[in-house]
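Remarks on the structure that follows.
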Amino acid sequence: MEQSTADGLQAAGVRRSFGNVVAVESMSLNAPRGQVTALVGPNGAGKTTLLLVLATLLVPDAGEVSVAGFDPVGDPASVRARTGWMPDSFGSYETLTAREVLEFVAAAYRLPAARRAERAGELLALVHLSEYAERPVHVLSRGQKQRLGLARALVHDPPVLLLDEPAAGLDPRSRIELRALLRGLAGDGRAVLVSSHVLAELEETADRVVLVDRGRTVSQQRMADLDLGQLRPWRLRALDAAALTAALDARGVDHGPPSPAGVEVLLAGDAAAAELLAALVQDRVAVVSCAPVAGSLEAAYLAMTESRR
């Protein structure tokens with residue numbers, strides 16, 4: 001693979017085992033710069049193992065990997081200089097303050113001494129932890145530690161970010177702020193790879209998704225393409241529930257029983273929903289809402305893991 005700092009993340013046919021246990025059998029992905037790529041799969045699918053390979057912390061048994069144009073095995077120092085790594089557990093010196101953690105990491109990345117305190121202050125403000133700057137890490141909440149972990153990954157202003165469950169422990173406001181932050185980081189030209197089980201958040205954040213299961217890449221595609229022809233439940237609500245169900249019956253549309261939330265039907269994407277809504281309006285049914293019950297990413301995940309039931 002050519003060395004080019006314009007590249008994001010690329011992996012092809014990655015395999016990694018631990019003794020007789022194959023954690024990653026054959027994984028491939030492409031996470032371009034300027035985009036947020038979601039890495040989605042059930043527990044034990046191999047997501048964290050793949051991230052550790054990309055972060056130079058594990059050597060793959062087979063396959064090719066490129067991070068910002070560099071080989072994590074052949075040139076790990078160049079990869080680490082260009083990668084921000086946020087593991088799923090914080091791991092830090094608990095007696096250091098939040099500011100000291102960031103200044104320590106800045107020193108490890110050889111930022112000039114005069115710049116370290118300034119950079120720490122910038123990042124604490126970015127993740128809304130300025131008021132906790134002088135507090136030791138051990139008194140921070142789980143969510144606050146997560147935000148500090150993200151700040152730590154950004155200390156050296158890397159073009160590539162590897163984030164493992166960054167939303168874990170965050171309250172709703174912090175999740176909204178994280179979503180905006182990740183979009184901003186991608187907008188600055190970074191390649192952002194996020195592994196998370198919070199599918200609703202990923203759907204509103206990611207440009208691309210890589211679905212993995214049992215150590216293999218199942219598919220990778222643009223988020224915008226997930227909904228094309230995908231059968232999933234939609235919920236319709238009308239002023240008159242009886243008129244709605246009668247119209248659905250007359251048109252031969254299978255549906256669930258009416259409830260205070262509405263009536264559920266299975267539809268194959270936005271186009272099918274628009275067609276049904278137009279038909280109901282033509283039937284003079286006063287429809288007040290029509291929306292998918294679950295997001296397209298959740299539907300794709302459930303379809304992928306159907307065999308695990």
ask   = How far does OG of S196 sit from CG of D88, to the nearest 0.5 angstrom?
value = 11.0 Å
ask   = How many angstroms lie between atom OG1 of T97 and atom CD of E134, to the nearest 0.5 angstrom?
value = 5.5 Å
inquiry  = Grouping I, L, V, M, F, W and Y whenever their side-chain heavy atoms are under 4.5 Å apart, do L50 and L57 come out in a common cluster?
reply    = yes
query = Are any side-chain N or O atoms of E264 and backbone N or O atoms of W234, one a donor and one an acceptor, separated by less than 3.5 Å?
reply = no
ask   = Taking side chain as C-beta onward, heavy atoms only, is V155 less than 4.5 Å from F104?
value = no
query = Between T37 and P32, which heavy-atom pair has the shortest distance, and what is it?
reply = OG1-CD, 4.0 Å
Between side-chain atoms of residues 241-252 and protein atoms elsewhere (two or more places apart, or another chain), which donor-acceptor pairs fall under 3.5 Å?
residue: T245; atom: OG1; partner: A241; partner atom: O; Å: 3.3
residue: T245; atom: OG1; partner: A242; partner atom: O; Å: 3.0
residue: D249; atom: OD1; partner: H255; partner atom: NE2; Å: 2.8
residue: R251; atom: NE; partner: D283; partner atom: OD2; Å: 2.7
residue: R251; atom: NH2; partner: D283; partner atom: OD1; Å: 3.1

key: Residue list, salt bridge (charged side-chain N to carboxylate O under 4.0 Å, His left out) with E25, at least two apart or on another chain   = R216
ask   = Is a side-chain donor or acceptor of R208 paired with a backbone partner of Q221 at a separation under 3.5 angstrom?
value = no
ask   = Taking side chain as C-beta onward, heavy atoms only, is L51 less than 4.5 Å from W85?
value = yes
Side-chain cluster (under 4.5 Å, hydrophobic types only) that V198 belongs to, other residues = none
message = According to ring-ring contact (aromatic ring centres under 6.0 Å, His included), does anything in residues 126-177 pair up with another residue at least two apart or in another chain? List the pairs.
response = Y109-H156
ask   = Does a sphere of radius 6.0 Å around CD in E275 hold more than 12 heavy atoms from other residues, nucleotides or ligands, not counting ones at 6.0 Å or beyond?
value = no
key: Residues D207, R183: salt bridge by 4.0 Å N-O rule   = yes
task = Look only at the side chain of R237 and the backbone of S289, and say whether a donor-acceptor pair between them is shorter than 3.5 Å.
result = no
Without placing hydrogens or testing angles, list every side-chain donor-acceptor pair under 3.5 Å for residues 157-173, not counting sequence neighbours.
residue: D157; atom: OD1; partner: R190; partner atom: NH2; Å: 2.0
residue: D164; atom: OD2; partner: T48; partner atom: OG1; Å: 2.9
residue: E165; atom: OE1; partner: H197; partner atom: N; Å: 3.4
residue: E165; atom: OE2; partner: H197; partner atom: N; Å: 3.3
residue: E165; atom: OE2; partner: H197; partner atom: ND1; Å: 2.8
residue: D171; atom: OD1; partner: R173; partner atom: N; Å: 3.1
residue: D171; atom: OD1; partner: S174; partner atom: N; Å: 2.8
residue: D171; atom: OD1; partner: S174; partner atom: OG; Å: 3.1
residue: D171; atom: OD2; partner: S174; partner atom: OG; Å: 3.3

ask   = Would you call R116 and E103 a salt bridge, taking side-chain N to carboxylate O under 4.0 Å as the test?
value = no
query = Of all residues at least two apart in sequence or in a different chain, which pass the salt bridge (charged side-chain N to carboxylate O under 4.0 Å, His left out) check with R179?
reply = E201, E204
request  = May I have the step-by-step check of side chain to side chain contact (heavy atoms under 4.5 Å, CB included) for T217 and L211, ending in yes or no?
outcome  = CA-CA 6 Å; T217 298; L211 293 166; over 6 Å; no
task = Might you work through the side chain to side chain contact (heavy atoms under 4.5 Å, CB included) test for D240 and V285, ending with a clear yes or no?
result = CA-CA 8 Å; D240 186 338; V285 177; over 6 Å; no
message = If you apply the rule side chain to side chain contact (heavy atoms under 4.5 Å, CB included), what do you find for Q220 with V209, and how did you get there?
response = CA-CA 6 Å; Q220 53 179 321; V209 59; over 6 Å; no
key: Candidates V40, L39, L29, V218 - the one meeting side chain to side chain contact (heavy atoms under 4.5 Å, CB included) with V212   = L39
request  = Test side chain to side chain contact (heavy atoms under 4.5 Å, CB included) on K145 and E94 and set out the steps.
outcome  = CA-CA 10 Å; K145 288 181 180 179; E94 294 282 300; 3.5 Å; yes
